[in-house]
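Data block below; observations after.
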2 protein chains.
Amino acid sequence: MTPPLPPESLTQRLADSGLRATPQREVVYSVLLRKRDHPTAEEVFARVKAELPTISLATVYNCLETLVQCELVRAVNFERSPTRYCPNLRPHAHFHDEQTGRTYDIDLPPAVLAEVNHVLPAGFDASSVEITFRGQARPAS
Amino acid sequence: MTPPLPPESLTQRLADSGLRATPQREVVYSVLLRKRDHPTAEEVFARVKAELPTISLATVYNCLETLVQCELVRAVNFERSPTRYCPNLRPHAHFHDEQTGRTYDIDLPPAVLAEVNHVLPAGFDASSVEITFRGQARPAS
DNA sequence: CTTGGAATTGGAATTATTCCAAAGAGCGAA
DNA sequence: TTCGCTCTTTGGAATAATTCCAATTCCAAG
Ligand SMILES: [Mn+2]
Ligand SMILES: [Mn+2]
Ligand SMILES: [Zn+2]
Ligand SMILES: [Zn+2]
């Protein structure tokens, strides 16, 4: 009974990049883990303020950027709407519900990922793939 | 010897949507067809000005939006960089070369598309999928 | 204790895009 | 034809997410 992917220690990951674990970074990250609804920077800002009332929006942007660099968080974009942030580290696609605006994680089996990468002709060396669905969701859960 | 997908007449498509074929719309569309390098609105603006020196940037945005509505053109976004425009109507993914910034069309076989759609759990009804690769390209052609 | 680099902060700046109100065009009815 | 209505274009102002900047503040090492 292994714990489900022991979440990489924030402090550890930051250290690996030669960065410090600050209260701001810790709270921003914990807010993302607590409610995984792909919030925007503004939404993260609002949630973090509850714990750190004096944090600035600029800092939230800085922290999010840092977390993305450390690969603890993914930045997700739909068209030109504000960037959303996702702490799910498993390979997954995103489903954007056009009615509600909600975003869902869709697990991507390695086999499918492989299949998708096979469409690339010789000479194309992909470092990442991104798959985004758009439509209507009525999730079972 | 059928012509390769007789490009839907712009005039026809516009009429279908109850819209008029204007010189501005025609030139914007022809510019997209002429050089399929996924230009931004600003780039389209520059190219169109050669033929219609008095066109405004607002009109270019309007025309592009119209062409997207008519489904003659796809809007393509990479992160938060300016939207790019693509007149390729076949199902295809995009490959974004991180070095050069160039964008390549990658044909998507129906089988792969089907496979990808199969990752959706019950309750998720997708109206479209978007696949984007990022990496380094050394295209054969 | 110092002190130098890292991090945060508030506010200004940037920039792609949208909005707006006024002027121009095209077309069918009279 | 002319009129009137609607669609379209246009230039400039406004918007909004994000980035930039310069001034503190923080902190860990010496
Ligand atoms: Mn939406
Ligand atoms: Mn790029
Ligand atoms: Zn996600
Ligand atoms: Zn394309």
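Sequence lines set the chain letters: A, B, ... in the order given, protein chains first and strands last, and positions in each chain run from 1. Atoms considered below: every heavy atom in the structure, side chains included; atoms not considered: hydrogens, waters and symmetry mates. Computed from a prediction, not measured in an experiment: that's the story for all the values here.
Ionic pairing of A/Lys49 and A/Glu42 is not present here: no N-O contact between side-chain nitrogen and carboxylate oxygen is shorter than 4.0 angstrom. The pair A/Arg102-A/Asp37 fails the salt-bridge criterion, with no side-chain N (NZ, NE, NH1 or NH2) lying under 4.0 Å from an Asp/Glu carboxylate O. Residues B/Glu26 and B/Arg20 are not paired through a salt bridge, judged by the lack of any N-O separation under 4.0 Å between the basic side chain and the carboxylate. A salt bridge is defined here as a Lys NZ or Arg NE, NH1 or NH2 lying under 4.0 Å from an Asp or Glu carboxylate O, and A/Arg84 with A/Glu43 meets this definition.
Between B/Gln24 and A/Pro23, the residue anchored nearer the 5' end of DNA chain D, judged by the nucleotide with its closest heavy atom, is B/Gln24.
In this structure, the CZ atom of A/Arg25 is 14 Å from the C1' atom of D/dT25, given to the nearest Å. Between the CD atom of B/Gln69 and the P atom of D/dC7 there is a distance of 15 Å, given to the nearest Å. Taking atom CG on B/Leu10 and atom C1' on D/dT8, their separation rounds to 14 Å, with Å as the unit. What separates CG of A/Leu64 from C1' of D/dT19 is a distance of 14 Å, to the nearest Å. Between the CD atom of A/Glu26 and the P atom of C/dA7 there is a distance of 13 Å, rounded to whole Å. When rounded to the nearest whole Å, the span between NZ of B/Lys49 and P of D/dT10 equals 11 Å. Taking atom CZ of residue A/Phe45 and atom P of nucleotide D/dA17, one finds them 13 Å apart after rounding to whole Å.
Scored by the side-chain hydrogen bond (donor to acceptor under 3.5 Å, both in side chains) test, B/Thr83 finds B/Asn77 as partners (sequence neighbours excluded).
At a threshold of 4.0 angstrom between heavy atoms, the contacts of A/Thr22 are confined to the sugar-phosphate backbone, with no base atom among them.
The side chain of A/Thr54 sits closest to C/dT9 out of D/dT9, C/dT8, C/dT9.
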Checklist entry - Using a cut-off of 4.0 Å between protein heavy atoms and nucleotide atoms, how would you tag nucleotides 14-26 of chain C 5' to 3' with B, S and -? => result --SBB--------

Which pairs of donor and acceptor atoms, one on a side chain in residues 124-140 of chain A, lie under 3.5 Å apart (sequence neighbours left out)?
residue, atom, partner, partner atom, Å
A/Ser127, OG, B/Glu98, OE2, 3.3
A/Ser127, OG, B/Arg134, O, 3.1
A/Arg134, NE, A/Glu79, OE2, 3.1
A/Arg134, NH2, A/Glu79, OE2, 2.9

Show me the donor-acceptor pairs, under 3.5 Å and distance only, between side chains in residues 109-120 of chain B and residues at least two apart or in other chains.
residue, atom, partner, partner atom, Å
B/Asn117, ND2, B/Leu113, O, 2.9
B/His118, ND1, B/Ala114, O, 3.4

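Each side chain to side chain donor-acceptor pair (under 3.5 Å) pair with one or both residues in residues 53-66 of chain A, not counting sequence neighbours, appears once here: A/Ser56-A/Thr59, A/Glu65-A/Gln69.
When the local axes at the two ends of the helix from C/dC1-D/dG30 to C/dA30-D/dT1 are compared, using 5 base pairs at each end, they differ in direction by 10° after rounding to 10°.
The side chain of B/Ser56 places no N or O atom within less than 4.0 Å of a non-bridging phosphate oxygen (OP1 or OP2) of D/dT9.
Checked against the 6.0 Å centroid criterion, the rings of B/His96 and B/His94 do not qualify as a close aromatic pair.
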